[in-house]
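What follows is one structure encoded as structure tokens, with my remarks underneath.
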Amino acid sequence: MKTEKNQDELEALERTIARHERLYRAGRSEISDAEFDELLELYSAHADAAGLPPKRRLDMQIESDHTEGFETVAHRVPMLSLEKLSSSRRDAQGAPMALAEQLSLWYARRRKDLELSSGEPLALFVEPKIDGIGISLVYANGQLQRAVTRGDGRQGDDVTAQVMASGAVPIALVGISSGTLELRGELYWPHAAFSAYNARLEAEGARTIANARNGCAGLMKRKDPSALEGVGIESFLYQLAYSDGLDVPTKQLETLDWLASLGAQVYTQEARRVESAEEALDYCEAYAERRRELSFDIDGMVIKLNNLHYYPALSGTGHHPHWGIAYKFPPERKLTRLISIALSIGKSGKVTPVAHLEPVSLAGTMVSRASLHNFVELERKDIREGDQVYVEKAGEIIPQVVGAEISERPPGLPIYTRPEVCPSCSVPLVSEDIFIYCPAPSCPDQLRERLKHFASRRAMDIEGLGESLIDQMVEKLQIGSPDDLFLVTPAQLETLTRMGKKSSENLVRSIETAKSRGLARVLYALGLRHVGEAMAEELARFFSSASALLGFAERYCDGNDEAIGLVAPAKSGARGAIEGLARKSADSIFSELNSEAIRDVLRGLEDHGVLLSVVEPARKEVLGIAGKTFVLTGVLPNLKRDEAAMQIKLAGGKVSSSVSAKTSFVVAGTDAGTKLAKAEALGVTVLAESDLLALLDARNTQSDDDP
Ligand code: IVH
């Protein structure tokens, strides 16, 4: 059923996913790939519940790894990804589907597609799924000609020089001196080489790399290939994507042996041919136990039909071929004692239960604290202090309690009861949806969290202002609001523990520097509900100044039609002028902005010299764009129109809304209407988005900056 709540949650998730995808593309990932996958899975589960067509969901999974400065090369055969067996999949009636059921269904469909009678065998081949980066290798006459990343599946980045320098794949194939071959596989960084590289970074005082897969991807995009020499990147090759002029194997098992005979590293030892879906799943599950002993990361198993002759007959979805499916390992789970349930208070007053555990080793780290999500979950699972509880890591990162082992419950453990008053300020708590809030803005724990968020790197980025200093400033210097930070003197700071003259002066200097971060950062730093970085940027771009924004918030809260119309236009289903802002979030955002508490903080910030207008990004004129007038029309494949306009303006061009003889270029997307016709009639040059990007790209190739 399509409920309002589902729709809201879906939109919020879509925005979150899109944001993480943008960050990933810009090389600034904030979450791991596994966490990103989890978001996608969560999205799929919601989309199922909302009855969305599958295409919309699958489209979201296409991300590109393109990096500026690398040549884009089209893949001869698309580099698709595999459909996954998913623990969140449900059947048509909404009931959860076991992995065994999903795999049997997949296997039965393949048998049907191939019109196999019930007695005819259909062998499967199961291989580890390497957690690395996919690579396509083209060999001509046995010599490596080109190495290309997966990219968006249709085209990727040329990383030939990097791959050659890494020594990860054969440069010349043994015994092949004619024909063309395209081999595919995975580049990965074995644990030992990865740790050695990190040890070197640490010795040099440089920041270490958190994750081998991302590290490997990052190294492949280093402009200077010599950075890849001797770092120990390796590969496993598993697929022959194309061949011409050569006799090639017809079974997957033979392909691996053949690839090994050409000098490639393969994992024949770890792969298995099986005769049924059940056997395939058994092998996958057994392998989950062994994965921690391996010298490299795998994140699941891949199940393929062994007979390659069947592949062309099977087609696929455009995103996934039908000849294979991926199995993801379930997260490691441990049982430990829940010592106590602590309460944590967030910056917006949300009170959440946190588990204090008897320390337990889980997926590589010792865990003593874990999330209990919220009180509704806690009560539903009847988790009690003193219970033996199961702990897992979500996305291999965040520990969480998934349930209690009731059979091991000591007699007489009392049922957990929700707190009624705030543990920090004793004010009665209030419930909203499934959450509980402390409603007192002056609550000391809330204040500390608000200040931590305000000073954090992505917000006002006040260097040197860490947690313990904030605690002391609240207690000893009576800092009661973010704007108070701008009044602190070095003499006051010197009275705090571990603060000398120099460090106090440095901190005051960092606070001073933070004054010029601009409106978007200030809005994000205020920690308003529903205002993440993207929304803060959108509000700043739309209103340009805090006074315009506050004026609007007042009109909106007064019920002014024009103001409300900007958020929710009369036409049903239409989006408001403020990008990504749903009516429900708008009500919350503008009433919070209109509150006396936030107005006070903004007034204080302004009085203390904090910039409350937008910071214009630096302009860098681009030949071919500077001085020219552009008109944008139709839907562009990648850029939003206002993004394209912003890029043109930053490159020194002008953007106009109507076509005339003075227009230099019309950039036309799909569904371009009269403007395109007029441009053609006037003989104005029409560009596609890719032409505009190529013009803009001149700017990037002129720059020496590494990505
Ligand atoms: S077969 C359609 N075999 O896992 C692509 N892929 O979605 C099928 N991977 O991005 C490729 N180990 O890069 C295959 N043994 C293996 C693999 C493997 C890792 C990656 C591949 C792809 C993803 C599957």
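Order of listing sets the numbers, starting from 1, for every ligand and every atom in it.
Between the side chains of Glu120 and Ser117, at least one donor N or O sits under 3.5 Å from an acceptor N or O.
If you number the atoms of ligand 1 from 1 as listed, the ones under 4.0 Å from a heavy atom of Pro321 come out as 2 (C). For ligand 1, the atoms closer than 4.0 angstrom to any heavy atom of Val302 are 3 (N), 16 (C), 17 (C). If you number the atoms of ligand 1 from 1 as listed, the ones under 4.0 Å from a heavy atom of Ile130 come out as 12 (N), 19 (C).
Applying side-chain contact (heavy atoms from CB on, under 4.5 Å) to Phe70 and the options Asp157, Thr149, Asp158 leaves one that passes, Asp157.
Protein heavy atoms are found less than 4.0 angstrom from atom 11 (C) of ligand 1.
Using a 4.0 Å cutoff on heavy atoms, Ala326 does not count as a contact of ligand 1. Heavy-atom separations between Pro128 and ligand 1 include at least one value shorter than 4.0 Å.
Ranking the protein heavy atoms by distance from atom 21 (C) of ligand 1 puts Tyr238 OH, 3.2 Å first. In this structure, the protein non-hydrogen atom closest to atom 16 (C) of ligand 1 is Tyr267 OH, 3.3 Å. The shortest contact between atom 20 (C) of ligand 1 and any protein heavy atom is with Glu186 OE1, 3.4 Å. With respect to atom 7 (O) of ligand 1, the closest heavy atom belonging to the protein is Leu82 N, 2.7 Å. When only non-hydrogen protein atoms are considered, atom 5 (C) of ligand 1 lies nearest to Leu80 O, 3.2 Å. For atom 23 (C) of ligand 1, the closest heavy atom belonging to the protein is Lys129 CE, 3.9 Å.
Under the 4.5 Å side-chain criterion, counting only non-hydrogen atoms from C-beta, Leu181 is not in contact with Val138. Counting only heavy atoms from C-beta outward, the side chains of Ile298 and Lys129 never approach each other to under 4.5 Å.
A salt bridge between Glu275 and Arg273 is present, with a side-chain N of the basic residue lying under 4.0 Å from a carboxylate O of the acidic one.
At most 12 heavy atoms of other shown residues, nucleotides or ligands fall within 6.0 angstrom of atom CZ in Arg272. Residue-environment remark: CD (Glu204) exceeds the threshold of 12 foreign heavy atoms within 6.0 Å. Dense packing is recorded around CD of Glu101, with more than 12 heavy atoms of other residues, nucleotides or ligands lying under 6.0 Å away.
An N or O contact shorter than 3.5 Å links Lys304 to ligand 1 by distance. The shortest N or O to N or O distance between Trp323 and ligand 1 is not below 3.5 Å. Some N or O of Glu127 is nearer than 3.5 Å to an N or O of ligand 1, by distance alone.
For residues 99-137, there are no ring-ring contact (aromatic ring centres under 6.0 Å, His included) pairs, not counting sequence neighbours.
Taking the centre of each ring, Phe296 and Phe236 come in below the 6.0 Å mark.
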